[in-house]
There are 2 protein chains.
Amino acid sequence: MGIKRRTKSVTTMLSIFESGEEALSVVNLVERLKNQMNKTTVYRILERLEKEGAIHSFSGTNGLKWYAKCSQCTAHHHNDIHPHFECKDCGKVECLEVNIPIPSIEDRNIQSVDVLLTGQCTNCMI
Amino acid sequence: MGIKRRTKSVTTMLSIFESGEEALSVVNLVERLKNQMNKTTVYRILERLEKEGAIHSFSGTNGLKWYAKCSQCTAHHHNDIHPHFECKDCGKVECLEVNIPIPSIEDRNIQSVDVLLTGQCTNCMI
DNA sequence: TGTTTAATGCAACTTAGTTGCAAATATAAT
DNA sequence: ATTATATTTGCAACTAAGTTGCATTAAACA
């Protein structure tokens with residue numbers, strides 16, 4: 001049970017994710033939406049959108065929470081194992097459409113895989 | 001410049017890492033050492049030990065900071081690319097001695113790789 | 001149009017982690 | 001052994017991310 005009502009705030013949030021290709025930190029969203037909705041509302045809408053499978057979340061380098069809408073985000077299902085990339089120079093975070101093969105681990109039941117790559121993005125490599 | 005003086009607090013901290021094989025969260029360390037040293041001291045000793053290469057740090061599922069001393073932790077150098085495993089049932093976190101091959105990513109300069117696997121550990125699989 | 005239930009705002013709170021500064025202590029020099 | 005000096009620690013106050021409870025607002029559906 002994710003989003004039940006298409007409120008103005010939900011629409012606003014979704015349009016932000018539709019328009020861009022990058023990931024967005026919650027901190028960034030709270031800041032940029034502070035005139036349009038409450039901090040708590042930002043957190044709760046993101047939570048519901050993720051539960052629905054519209055977006056997915058992950059942790060950045062400093063433990064901050066990020067959200068992104070990627071091509072693999074499908075309703076009611078989210079089982080992508082793509083890595084996330086954080087540019088240490090400009091701070092940009094994005095989903096990489098690359099498959100990371102995880103070897104089977106003995107004696108353990110692996111249920112989720114999170115891969116965070118850090119380095120320089122295309123612009124900052126120069 | 002990591003540890004300069006072998007204080008009682010530093011010795012205590014190191015002995016904790018020597019004795020166990022698991023990773024330890026900062027929260028856990030602050031709690032278990034609260035009668036022996038200040039919270040700030042815990043944070044600072046861990047920071048210095050990591051700078052020295054005696055231990056290494058990483059983020060757990062909720063963005064919490066964890067530290068561990070693994071076989072690959074060597075003085076003045078720490079370039080292991082092993083995954084970390086967090087058991088969602090009992091909460092145990094550990095380093096896995098497995099190599100995760102990261103494919104080369106075009107147009108990006110990858111400098112660090114963090115892999116967090118979540119699932120059930122040996123004990124909790126039953 | 002009214003009723004129900006989900007969603008929001010607000011304020012207060014929790015928790016992880018940080019900072020500045022004075023006091024304490026390990027280590028090196030005398 | 002004593003002193004000097006630079007590192008380390010404790011403390012208290014702070015910052016920032018994220019959460020909670022509750023009263024109010026507003027979708028959606030009959």
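Labels below follow one simple rule: chain letters A, B, ... track the order of the sequence lines, proteins then strands, and each chain is numbered from 1.
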Next item on the list: Identify whether the distance between the nearest side-chain nitrogen and carboxylate oxygen of B:K34 and B:E31 falls below 4.0 Å.
Entry: yes
Check: Using a cut-off of 4.0 Å on non-hydrogen atoms, how would the nucleic acid contact of B:V30 be classed: base, sugar-phosphate, or nothing?
Finding: nothing
Check: Is there a donor on the side chain of A:K39 or the base of D:dG18 sitting less than 3.5 Å from an acceptor on the other?
Finding: yes
Checklist line | Nucleotide of C:dT27, D:dA13, C:dA7 approaching A:R48 most closely (side-chain heavy atoms) | finding: C:dA7
Notebook entry, point to check: Rounded to whole angstrom units, what separation is found between the CD1 atom of A:I45 and the C1' atom of D:dG18?
Noted result: 16 Å
Notebook entry, point to check: Is there a donor on the side chain of B:T40 or the base of C:dT19 sitting less than 3.5 Å from an acceptor on the other?
Noted result: yes
Check: Can a salt bridge be assigned to the pair A:E94 and B:R108 using a cut-off of 4.0 Å between side-chain N and carboxylate O?
Finding: yes
Notebook entry, point to check: Does the side chain of B:T61 pick up a donor-acceptor pair with the side chain of B:E86 at under 3.5 Å?
Noted result: yes
Next item on the list: Could you state the atom-to-atom distance from CD1 of B:I3 to C1' of D:dT7 in whole Å?
Entry: 10 Å
Next item on the list: Tell me which nucleotide among C:dA16, C:dG9, D:dT9 gets nearest to the side chain of B:Y43.
Entry: C:dA16
Checklist line | Distance, rounded to the nearest Å, where A:K34 contributes NZ and D:dA17 contributes P | finding: 12 Å
Check: Mapping A:R5 and B:T7 to their closest nucleotides on DNA chain C, which lands nearer the 5' end?
Finding: A:R5
Notebook entry, point to check: Roughly, in whole Å, what's the span from CG in B:N28 to C1' in C:dT15?
Noted result: 15 Å
Next item on the list: Mind running side-chain hydrogen bond (donor to acceptor under 3.5 Å, both in side chains) on A:T118 and B:Q111 for me, showing each step along the way?
Entry: CA-CA 6 Å; A:T118 314; B:Q111 290 166 338; over 6 Å; no
Checklist line | Atom-to-atom span, OH of A:Y67 to C1' of D:dG18 - whole angstrom | finding: 11 Å
Checklist line | Value in whole Å for how far the P atom of D:dT9 lies from NZ of B:K4 | finding: 13 Å
Notebook entry, point to check: Any salt bridge between B:K4 and B:E52, counting N to O under 4.0 Å?
Noted result: no
Next item on the list: For B:T41 and for A:K65, locate the closest nucleotide of DNA chain D by heavy-atom distance; then report the residue assigned to the nucleotide nearer the 5' terminus.
Entry: B:T41
Check: Considering heavy-atom distances to DNA chain C, does B:L64 or A:V42 have its closest nucleotide positioned more toward the 5' end?
Finding: A:V42
Notebook entry, point to check: Whole Å only: how far is the CD atom of B:E47 from the C1' atom of D:dT8?
Noted result: 13 Å
Notebook entry, point to check: Once you round it to whole Å, what is the distance between P of D:dT7 and CD of B:E52?
Noted result: 14 Å
Check: Among D:dT9, D:dT8, C:dG9, which is the nearest nucleotide to the side chain of A:R44?
Finding: C:dG9
